[in-house]
Amino acid sequence: MKSKIEELLRLSLKELISKHLISSAIPNEIQVDRPTQKEFGDFATNVAMPLASREGKPPRDIASIIVHNIKQRHGNMFSSIEIAGPGFINFKVKPEYWVGVLGDILRDKDAYGKSSYGKGKKVQIEFVSANPTGPLHVGHGRGAAVGDTLANILKITGFLVEREYYINDVGNQMNTLGRSVFARYLELCGEEGDFPEDGYQGDYIRDIAADIKARYQDELLHYSTREAVALCRDFASKRILKGIREDLDSFGIEFDRWFSESTLHEEGKIQKAVDILKSRDLIYTSDGALWFRSTRFGDEKDRVVRKRDGTLTYFASDIAYHMDKLERGYDKIIDIWGADHHGYVPRMRAAIEALGGDGDSFHALLIQLVSLERSGRPVYMSTRKGEFVTLKEIIDEVGKDAARYFFLMRKCDSHLVFDLELAKKKSNENPVFYIQYAHARICSILNKASKMGLVPDIGAADLGYVSRGDDLALIKALADYPSLLISCARNLEPHHLSFYLLELAGLFHSFYNKNKVISDNRELSLARLCLVDAVRQVLRGGLSIMGIDAPEVM
RNA sequence: GCGCCUGUAGCUCAGUUGGAUAGAGCAACGGACUUCUAAUCCGUAGGUCGGGCGUUCGAGUCGCCCCAGGCGCGCCA
């Protein structure tokens, strides 16, 4: 509905310009809002105000020209169009037009909410990308939920989306992993195992070592340390990666591509990237190391890509990785990182620009910390000791649905407090439950109705029965859904969806308590069945975008 | 010291990219089940939007300066 108003305004302005009633160009973004005050109508626009300053006329005069034109062209759609305050134009849409939304929803089914906002542009979204050195923990869970949901939102708003997981399977941390496992293995063999200072502490390391022991017995004792560590490293990373895949699977997340860092080395892509930068005079040698001139692109200092000892930095791989992304021709590249990597953004952006990419098409979404609570009391975690709470533990305790919702109920750059007890509650305090319950309630109504021979049928229903009061309020909320998704996509902010669904569920619960859907009035019942069926569809669709089930019975 | 994020009701947070009188939920109090799911709903209260200055028709939103908290600032990953 909102985009329809925008379209009308655009057409109207176009005509006014061609008739020379307005001389400036159409603003590229016409702003239409839902006003906070009910008296102001259903929609409001401020177009007249920015235009006024360019036209050198009072805003209210401009507004009146626009209003006159729209009344002429599309007057039958509105019950009133008024000019208010400094120059707002307020629209009140006729109920007949509002109820049409129900038809859209029931006809389009799961496609309701779809739009062509993204114009088929290719978007790559890389998320989770945890090193295969340990299981996924809570923080990864938040990144996973955000990334997956954002991908779904971008898809439904008309982008072509690819999801990717980047595996850091090269570098020091992998050797540390190998040494850690080998040390535990030696312990199991009754040997002196000097556990590395910087080793991985978690119990999972012992478990992996035990598996190696079970499979190889004492064999590794006869290997050189180097060979043994390498075996442990490969065994462990494979095992851990398998675990990560399983965790993501049970979290409902699938990737289109698992991109291994080692392939960059094998295919010489890092060298290639460095050579390209070198040819553009963006690489220089200093103190025996190779530096990238990231300051040329706004970074605060230049960055090392090859250390004095000849080994490459993590950043070097990342440059090559993003060069690979650029070569794949995406219109938008989204990386989801932990907020502790924020210092990394300028240099990554610099690298992209240096390689000829558009810095503005690169977006690094930073995900803030998650802290766990249990009924308001903090659950302490220490990564250093390996005492972190894993994603698997969370899913096992509160379930996939609650976990996903909780990870999405704050905007990314806010700290998130995840209360495990709240997530398990079956009451209106728990937002997931509240939304799912609304859905189940509707299913129950539809079920009962169908036993009475009543089914929602948009062709047969007289929607005049739902064009007032609580019914109309619900319809207006449903009509917001498509533009809400666009707004999520535009700002890369999936959390709005969780708020929207909560609000819609609240409106429904309130409606439910005041009004009977199935009543003696057959016409009213049929119309309301269409209404609640539409609510059910939007709830289900929204939840599915968030990766949350919509149970029919609870 | 420099940079990024955060600061909105007692608590947890929204605020649609500068719009009209700043909103939810929880907690508290009082009510509603002979009902399509009471696992729900209705009503009542709460504010110097951290502070200050500026930009303009208009600021929670933008700029600058402070204050508080978090996180970064490696030839670590």
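A quick note: this is a predicted structure, and the numbers were derived from the prediction, not measured. Letters A, B, ... are given to chains in the order of the sequence lines, protein chains preceding strands, and every chain is numbered from 1.
Of the nucleotides present, G23(B) is the one that pairs with C13(B) by Watson-Crick or G-U wobble criteria, both distances under 3.5 Å. G47(B): no Watson-Crick or G-U partner with both key distances under 3.5 Å is found in any strand. Pairing for C71(B) goes to G3(B), judged as Watson-Crick or G-U wobble with the two contacts each under 3.5 Å. The pairing partner recorded for G60(B) is none, the criterion being a Watson-Crick or G-U wobble arrangement whose two distances lie under 3.5 angstrom. Base pairing of U40(B): its partner is A32(B), meeting the Watson-Crick or G-U wobble criterion (both donor-acceptor distances under 3.5 Å).
The side chain of Ser510(A) places an N or O atom within less than 4.0 Å of a non-bridging phosphate oxygen (OP1 or OP2) of C42(B). Phosphate contact (OP1/OP2 of U35(B), side-chain N/O of Tyr512(A), threshold under 4.0 Å): absent. Between Asn447(A) and C36(B) there is no side-chain N or O to OP1 or OP2 distance below 4.0 Å. At C13(B), none of the side-chain N or O atoms of His415(A) fall inside 4.0 Å of OP1 or OP2 (strictly under the cut-off). Residue Gln368(A) has no polar side-chain atom (N or O) positioned under 4.0 Å from OP1 or OP2 of U6(B). Residue Tyr434(A) has a polar side-chain atom (N or O) positioned under 4.0 Å from OP1 or OP2 of C41(B). At the phosphate of G15(B), OP1 or OP2 sits under 4.0 Å from a side-chain N or O atom of His495(A). Between G70(B) and Ser371(A), no contact under 4.0 Å exists linking OP1 or OP2 to a side-chain N or O. Phosphate contact (OP1/OP2 of A77(B), side-chain N/O of Lys307(A), threshold under 4.0 Å): present. Between Arg410(A) and U6(B) there is no side-chain N or O to OP1 or OP2 distance below 4.0 Å.
Backbone-only contact: Lys411(A) has heavy atoms under 4.0 Å from sugar-phosphate atoms and none from a base. Using a 4.0 Å heavy-atom distance criterion, Val553(A) is classed as a base contact. If you check every strand for non-hydrogen atoms under 4.0 Å, Lys301(A) touches sugar and phosphate atoms only. Residue-level contact check: Ala44(A) touches the bases, meaning some heavy atom is under 4.0 Å from a base atom. Contacts of Ser317(A) with the nucleic acid, taken as non-hydrogen atoms under 4.0 Å apart, are absent. Residue contacts shown for Ser414(A) are limited to sugar-phosphate atoms, with no base heavy atom under 4.0 Å away.
If you take atom P in U8(B) and the same atom in U12(B), they sit 8 Å apart, rounded to whole Å. Comparing the same atom, C1', in A39(B) and in G46(B) gives a spacing of 28 Å after rounding to whole Å. To the nearest whole angstrom, the two P atoms, one in U61(B) and one in A9(B), are 15 Å apart. The same atom, P, is picked in G72(B) and in A20(B); the two are 38 Å apart, to the nearest Å. Of the C1' atoms belonging to A22(B) and G31(B), the separation is 29 Å, rounded to the nearest Å. The C1' atoms of G30(B) and G19(B) are separated by 38 Å, rounded to the nearest whole Å. Comparing C11(B) with A28(B), their P atoms are spaced 15 Å from each other, to the whole Å. A distance of about 26 Å separates the C1' atoms of A27(B) and A68(B), rounded to the whole Å.
One can find a donor-acceptor pair under 3.5 Å joining the base of G19(B) and the side-chain atoms of Asn46(A). Tyr437(A) contributes no side-chain N or O that forms a donor-acceptor pair with the base of U40(B) under 3.5 Å. You'll find a donor-acceptor pair under 3.5 Å spanning the side chain of Asn90(A) and the base of A20(B), going by distance alone. Checked by distance alone, His342(A) brings a side-chain donor or acceptor within 3.5 Å of a matching partner on the base of G3(B).
Distance from the side chain of Ala289(A) is smallest for C75(B) among the nucleotides U40(B), U17(B), C75(B). For Met554(A), whose side chain is taken as the heavy atoms from C-beta onward, the closest listed nucleotide among C75(B), U37(B), A77(B) is U37(B). Considering only side-chain atoms of Lys516(A), the nucleotide from C75(B), C36(B), U40(B) that sits closest is C36(B).
Rounded to a whole Å, the CZ atom of Phe43(A) is 17 Å from the P atom of A20(B). As a whole-Å value, the separation of Leu507(A) CG from G23(B) C1' is 14 Å. With rounding to whole Å, Leu497(A) atom CG is found 17 Å from U16(B) atom P. Atom CZ in Arg303(A) sits roughly 12 Å away from atom C1' in C75(B) (whole-Å rounding). Rounded to whole Å, the distance from NZ on Lys426(A) to P on U37(B) is 17 Å. Across the protein-nucleic acid pair, Asn430(A) atom CG and C26(B) atom C1' stand 12 Å apart, rounded to whole Å. Taking atom CZ of residue Phe40(A) and atom P of nucleotide U21(B), one finds them 7 Å apart after rounding to whole Å. Residue Asp318(A) contributes atom CG, which lies 15 Å from atom P of C76(B) at whole-angstrom precision.
Contact of the Ile336(A) side chain with the Ile334(A) side chain is registered, since non-hydrogen atoms from C-beta on lie closer than 4.5 Å.
The ring of Phe499(A) does not lie on top of the base of A24(B); it is either too far (5.5 Å or more) or too tilted (30° or more). You can call Phe433(A) stacked on the base of A39(B); the centres are under 5.5 Å apart and the planes sit within 30°.
Taking the six-membered ring for Trp, Tyr166(A) and Tyr321(A) have ring centres closer than 6.0 Å.
Taking the six-membered ring for Trp and thresholds of 30 and 60 degrees, His137(A) and His140(A) have ring planes inclined between 30 and 60 degrees apart.
Where Cys412(A) and Ala84(A) each meet RNA chain B at their nearest nucleotide, the meeting point lying more 5' is that of Cys412(A).
Only one option out of Asp360(A), Asp318(A), Asp299(A) pairs with Arg349(A) in a salt bridge (Lys or Arg N to Asp or Glu O under 4.0 Å); it is Asp360(A).
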Please test His439(A) against Arg536(A) for side chain to side chain contact (heavy atoms under 4.5 Å, CB included), starting from the C-alpha separation and ending with a verdict.
CA-CA 6 Å; His439(A) 181 269; Arg536(A) 180 189 63 80; 3.5 Å; yes
